[in-house]
Amino acid sequence: MIDIKVLRNNPEKIKTNCIKRSVTHVDIDKLLEMDSHYLQLLNDVEGIRAKRNQLSKECQTNPEAREVVKGLKQELSDKEVTLSELKVQIEQQMSWLPNFLSSDVPEGNDDADNEELKIWGDKAVYDFDPLDHQELGEKLDIIDAKRGAKVAQSGFYFWKGKGAQLASALFFWAQQELVKKGFTLFIAPCAAKEKTLYGTGYLPFFADQTYQLENEDLALIGTSEQVMVAYHGDEILTAETLPLCYTANTPCFRTEAGSYGKETRGIFRVHQFQKVEQIVFCLPEESERYHEMCLENEEYLLQQLNIPYRVVNVCVGDLGAPGYKKYDVDAYFPGFGNYREVCSNTNLTDFQARRLGVRYQQNNGKKGIVHTISATAVTDRVVCAIMENFQEADGTIIVPNVLRPFTGFDCISPKSQ
RNA sequence: GGAGAGGUGGCCGAGUGGUCGAAGGCGCAGCAUUGGAAAUGCUGUGUACUCUUACGGGUACCGAGGGUUCGAAUCCCUCCCUCUCCGCCA
């Protein structure tokens, strides 16, 4: 949510931002008009109430005041109704305004326009045609998408046997690494109410992406970010305790409405996946710094795994409305023959915190709205990257060193028969 | 699923129609005291919106929404949530 005071004081800034971010359906001038009408009416209503309160006090000694107050009632209640209707309309419009942009967000329409910032690692050289994770998964019998579709729907899948062990090892290892870096681990609810999704900006912007539970004010989470950021909703955090660095490992559910046909091969774009997330609550002046920190953590994990990757600065067109700035980390997938997104790391500034009411208070009593950062640590996609990067000619996958203590084996080989 | 209890400020907890934004306590901040600290004493300390150049006003908020009344934390209705016990179950 954008601060309505910015709208009042500098509407041009909002207009420019909307144009930049291709938001065309909010009429800023009309919104301003509604707001000034609202303020006028608010003034009226409060004036009448003040008068009523004053007269009510006199009623005990002056019975005539009673009649005067009665006369105020109709006028007051009419105006109150209009006032609350206006307020709802204004808030609805406001909720569609996108966050402001960092000045270094590249122009552009889609991921092709993202700015490549860094490339790390040497791509392995193969004397055979590397397979993609789908083929490897079938060959090794560690990914079972067919039965996923049978028991649930296309877009769901099973990790099986050593594949499941490898995935579990990765998630556990990643969690432990983040805890070592000062993050607090959570096991979180995997469902959230509407208010929670609204507060984190997933509503109204990504409404078609959520699985809604029937007859309940509950939806399956699309990411643990939704519940982890809302965790501190309506709270005032003590400034000295910031930053709060949290991590959670949860399944994520997405309908992926409208994305059929796009990168659907394998288990890259699915309805349910596992994600270890980084969440940071911090002071406004520190969010850029912790945004970088989360990126460093993502890079650290991939480096430990020895997976080649690149870092991109996501362009305007590819950046979700709540985001102020976003880095994607794309791992190299030899079977696919290109880089593919495995992590995204967004500085949301105060956009979510304002909606959710996550504030901080300093020692001198000064209050403000915190900034939040949401960043991936690892997901199933990283397991896929491991598979594709560390495959051998016969399909054997070599387990990265750092995961071996958790898998208990060094490689996954095809069953000889 | 059955039965009961309860939702008041950062926390605990009083408060059954006006003097209640709300006693008291804890916590927190400042001051005093001290070599320093503890203890003690005094003072202050909710949030949001809005008006005002400022000083400072006003309005709203005691789970949510409605109602009664000149006036509601307090009375009435509806809903939500939390907790406890029993049953069932991972």
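In what follows, chains carry the letters A, B, and so on, assigned in the order in which the sequence lines appear, proteins first and then strands, with residues in each chain numbered from 1.
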Any-strand Watson-Crick or G-U partner of B:A48, both distances under 3.5 Å: B:U59
Derivation and outcome, ring pair (Phe, Tyr, Trp, His ring centres under 6.0 Å), residues A:Y246 and A:Y231: CA-CA 10 Å; A:Y246 294 161; A:Y231 181 81; 5.8 Å; yes
A:R359 vs B:A48: side-chain N/O to OP1/OP2 distance below 4.0 Å: yes
Spacing of the P atoms in B:C51 and B:G44 (rounded, Å): 30 Å
Between B:U59 and B:G2 - C1' atom distance, rounded Å: 46 Å
Sugar-phosphate only, base, or nothing, as touched by A:K5 at under 4.0 Å among non-hydrogen atoms: sugar-phosphate
Base-pairing assignment for B:G36 (Watson-Crick or G-U wobble, both under 3.5 Å): none
Pairing nucleotide - B:A72, Watson-Crick or G-U, each distance under 3.5 Å: none
A:K195/A:D234 salt bridge by N-O under 4.0 Å criterion: yes
Complementary nucleotide of B:A5, counting Watson-Crick and G-U pairs under 3.5 Å: B:U82
Whether A:Y157 and A:W159 hold their rings parallel, tilted or perpendicular, with breakpoints at 30° and 60°: perpendicular
Complementary nucleotide for B:G17 - Watson-Crick or wobble, under 3.5 Å: none
Atom-to-atom span, CG of A:D234 to P of B:C81 - whole angstrom: 17 Å
Nearest-angstrom distance from the residue atom CD1 of A:I90 to C1' of B:U50: 14 Å
d(NE2, A:H232; C1', B:G10) in whole Å: 15 Å
Complementary nucleotide of B:G41, counting Watson-Crick and G-U pairs under 3.5 Å: B:C31
Nearest-Å distance for atom pair CG/P, residues A:L237 and B:C11: 13 Å
Nucleotide-resolved protein contact map, nucleotides 57-75 of chain B, B/S/- at heavy-atom distance under 4.0 Å: -BBS--------BBS----
Atom pair distance, as rounded to whole Å: CG in A:D44 and P in B:U50: 15 Å
For atom CD of A:Q362 and atom C1' of B:U45, their distance in whole Å: 17 Å
Atom P, compared across B:G67 and B:C62: separation rounded to whole Å: 15 Å
Same-atom distance (P) from B:G24 to B:A14, integer angstrom: 15 Å
Gap between atoms CD and C1', on A:E235 and B:G9 respectively (whole Å): 15 Å
Integer angstrom distance from the C1' of B:A73 to that of B:U19: 16 Å
Integer angstrom distance from the P of B:C70 to that of B:C11: 36 Å
Assigned partner base of B:A23, Watson-Crick or wobble definition, under 3.5 Å: none
Sidechain N-carboxylate O distance under 4.0 Å for A:D217, A:K193: no
Pair A:F100-A:F351, ring pair (Phe, Tyr, Trp, His ring centres under 6.0 Å): steps then yes or no: CA-CA 9 Å; A:F100 295 111; A:F351 193 85; 9.3 Å; no
Plane angle bin for A:F156 and A:H271 - parallel if under 30°, tilted between 30 and 60°, otherwise perpendicular: tilted
Parallel, tilted or perpendicular: ring planes of A:F205 versus A:W96, cut at 30 and 60 degrees: perpendicular
Rounded distance in Å - CZ (A:R354) to C1' (B:A48): 14 Å
Sugar-phosphate only, base, or nothing, as touched by A:L72 at under 4.0 Å among non-hydrogen atoms: nothing
Derivation of the ring pair (Phe, Tyr, Trp, His ring centres under 6.0 Å) call for A:Y327 and A:H291: CA-CA 9 Å; A:Y327 294 126; A:H291 188 216; 4.7 Å; yes
Side-chain donor-acceptor pair present, A:Q274, A:N249, cut-off under 3.5 Å: yes
Pairwise C1' distance, B:G35 and B:A23 [rounded to whole Å]: 40 Å
Rounded C1' spacing from B:A32 to B:A38 in Å: 16 Å
